[in-house]
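Remember, it's a predicted structure, so these values are computed and weren't measured experimentally.
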Amino acid sequence: MATFDVLSLFGVNIDFGYFNAFELVDTLGLHSQVLGTARVGNLIEKHGEKHHIVSIAIRQVALSGLKGALENRMLPHDPSFYEQPTAITEYERRYEAEDKLILLCFSLAFGKSVVGVRRLEGAQFSKLPRELLSKKHSLYQYFRQLLNDNTRDYVLSYKEGKVDSLEPFESALSLPSTNAVEQSQALAKPVIEPVTFAKEVQTALGLMSQGVELITKQVKAVFAGRQLDLDAFHKYCHKLNLSYERNPNALLAVRHIQDTDDYIAQHGVACAILACHMGRALQLDERFVHVMTLGALLFDLGRFKLPELITKKTGKLTEAEFQLVRRHLNFGEVLLNSNDNVPKVIYQMLWEHHERMDGSGYPQGKIDHEISVYGKIGAIVDAYDSLTSEQSHRQALTPVEALDKIQIESGLAFDPKLMSIFVNSLGSVPVGSCVELSNGRLAFVLTLNNALEPSLIRQVYSLTSKTFIPPTDLPIDKGEDVLIARTVSPSSYGLRFIDHIG
């Protein structure tokens, strides 16, 4: 393999938002050398390009191709380098190129995007590697050891025949998984007649309360040594799905009924509602919608094991506290293990709803295709509901603000295809949004029409008199007398959607 010229990286854009081993070797100019090796070629022929073992092999061979450059002398660490004037000197060309080589080697070693590496290693990412090289240590061996440490378990599992090929994203959505959905087969789907929002919202309010009570009682029962009643959760999710079919806006509205005292249970019900909504937006089979709803309902059960001092802390968590919070996944698995019939998908959503596309999540730092579709959906609904919920440490964002915030992370934290579907399914002004009207009043969006535009709104406040007014429902899409001027933050006017739903 030809010697790699580090200066070839000067001026090259390496700020990849997600990890792709093929893209990295292309950027390094090593495509033909790496993919032309018999080892990589044979693995691709056997498993296809999507298999994780192929990515690992590419990373190993690519690092070998960089060995010469990694064992050459590098410039000493310069903490003020990026604060210097922009005039390009030979020193600046080399320092920047060396920094990019170090970043790309970290990316290969960790299997994380360059953006993820920057978050993980911080601004001083090149300090340790440069210091190691100055002390005559092998930088190649340093990165190769990191790569070995991060892939050893997977490689051993592969050699033992415990790893199957990974399906592409599109296939993963369509292939049935009988183990995951067999318990929902008995839930026959009756013919559902649509009902008005005013009627269904009363049922939805009751379902919200029932869900909180069910979760709370079941967690206490397991803590007391009894088995988790999975059948009760299945029946509850069946009721949620029926309510959604009668009028989806009702459940999407009552999802906002949350307070800090029962937040964990309410968050579970709200995530179940959003997962149900997402399943319908994806046009999935009823069985998949059901099991996704169940998974979202249960994936945060482990938070009940965390001390209240942490779950209700208003300030920033310490590193030790954050590490304990991460353990809610372990606690959740213990709770689920009390029942022998938990579908595999539930565990996937439990363990993967904090994983992120660029590898910056936890507990395993999985990347893109390593995360199941169910885990990716869990991550989106968990983040959106958290942002739109009032918590002890911060106020809720409006639905529009929350969507804007998580869209920034599309391709980094969240799957861009799923994110696009989720955002579009909620409309540009989602249910629960507070809007200023052309008549000088503030209102909340109760329903959307088939075009996903605000349909029925509830007027609650007069900007002219700065006073509350008797709630008045208005079909905003039936005429042009009153228009929506803009979305606003309800907290700026002392308003909360939850006070005006029922």
Hits for salt bridge (charged side-chain N to carboxylate O under 4.0 Å, His left out) against D5, two or more places apart or cross-chain, chain-then-number order -> none
Using a 3.5 Å cut-off and no angle test, enumerate the donor-acceptor pairs between side-chain atoms of residues 56-63 and protein atoms at least two apart in sequence or in another chain.
{"unit_1": "R59", "atom_1": "NE", "unit_2": "L108", "atom_2": "O", "d": "2.7"}
{"unit_1": "R59", "atom_1": "NH2", "unit_2": "L108", "atom_2": "O", "d": "3.2"}
{"unit_1": "R59", "atom_1": "NH2", "unit_2": "A109", "atom_2": "O", "d": "3.4"}
{"unit_1": "Q60", "atom_1": "OE1", "unit_2": "R39", "atom_2": "NH1", "d": "2.9"}
{"unit_1": "Q60", "atom_1": "OE1", "unit_2": "R39", "atom_2": "NH2", "d": "2.2"}

Residues passing the salt bridge (charged side-chain N to carboxylate O under 4.0 Å, His left out) test with E98, sequence neighbours excluded, are R94, R130
Sorted by chain and residue number, the side chain to side chain contact (heavy atoms under 4.5 Å, CB included) partners of T216 (sequence neighbours excluded) come out as V212, K220, A265
Y142 meets the ring pair (Phe, Tyr, Trp, His ring centres under 6.0 Å) criterion, sequence neighbours left out, with none
Sorted by chain and number, sequence neighbours left out, side chain to side chain contact (heavy atoms under 4.5 Å, CB included) with L452 holds for L448
Residue set satisfying salt bridge (charged side-chain N to carboxylate O under 4.0 Å, His left out) with E355, at least two apart, ordered chain then number -> none
Side chain to side chain contact (heavy atoms under 4.5 Å, CB included) filter on T318, not counting sequence neighbours, yields K313, A320, E321
Verify the ring-centre separation between H290 and H234: is it less than 6.0 angstrom? yes
Applying side chain to side chain contact (heavy atoms under 4.5 Å, CB included) to S420 and not counting sequence neighbours gives N424
Taken in chain and number order and not counting sequence neighbours, the residues that satisfy salt bridge (charged side-chain N to carboxylate O under 4.0 Å, His left out) with D149 are R152
Give the table of side-chain donor-acceptor pairs shorter than 3.5 Å for residues 404-412, with sequence neighbours excluded, one pair per line with atom names and distance.
{"unit_1": "Q407", "atom_1": "NE2", "unit_2": "L403", "atom_2": "O", "d": "3.3"}
{"unit_1": "E409", "atom_1": "OE1", "unit_2": "R119", "atom_2": "NH2", "d": "3.2"}

Residue pairs passing the side-chain hydrogen bond (donor to acceptor under 3.5 Å, both in side chains) test with at least one member in residues 67-76, sequence neighbours excluded, are E71-S138
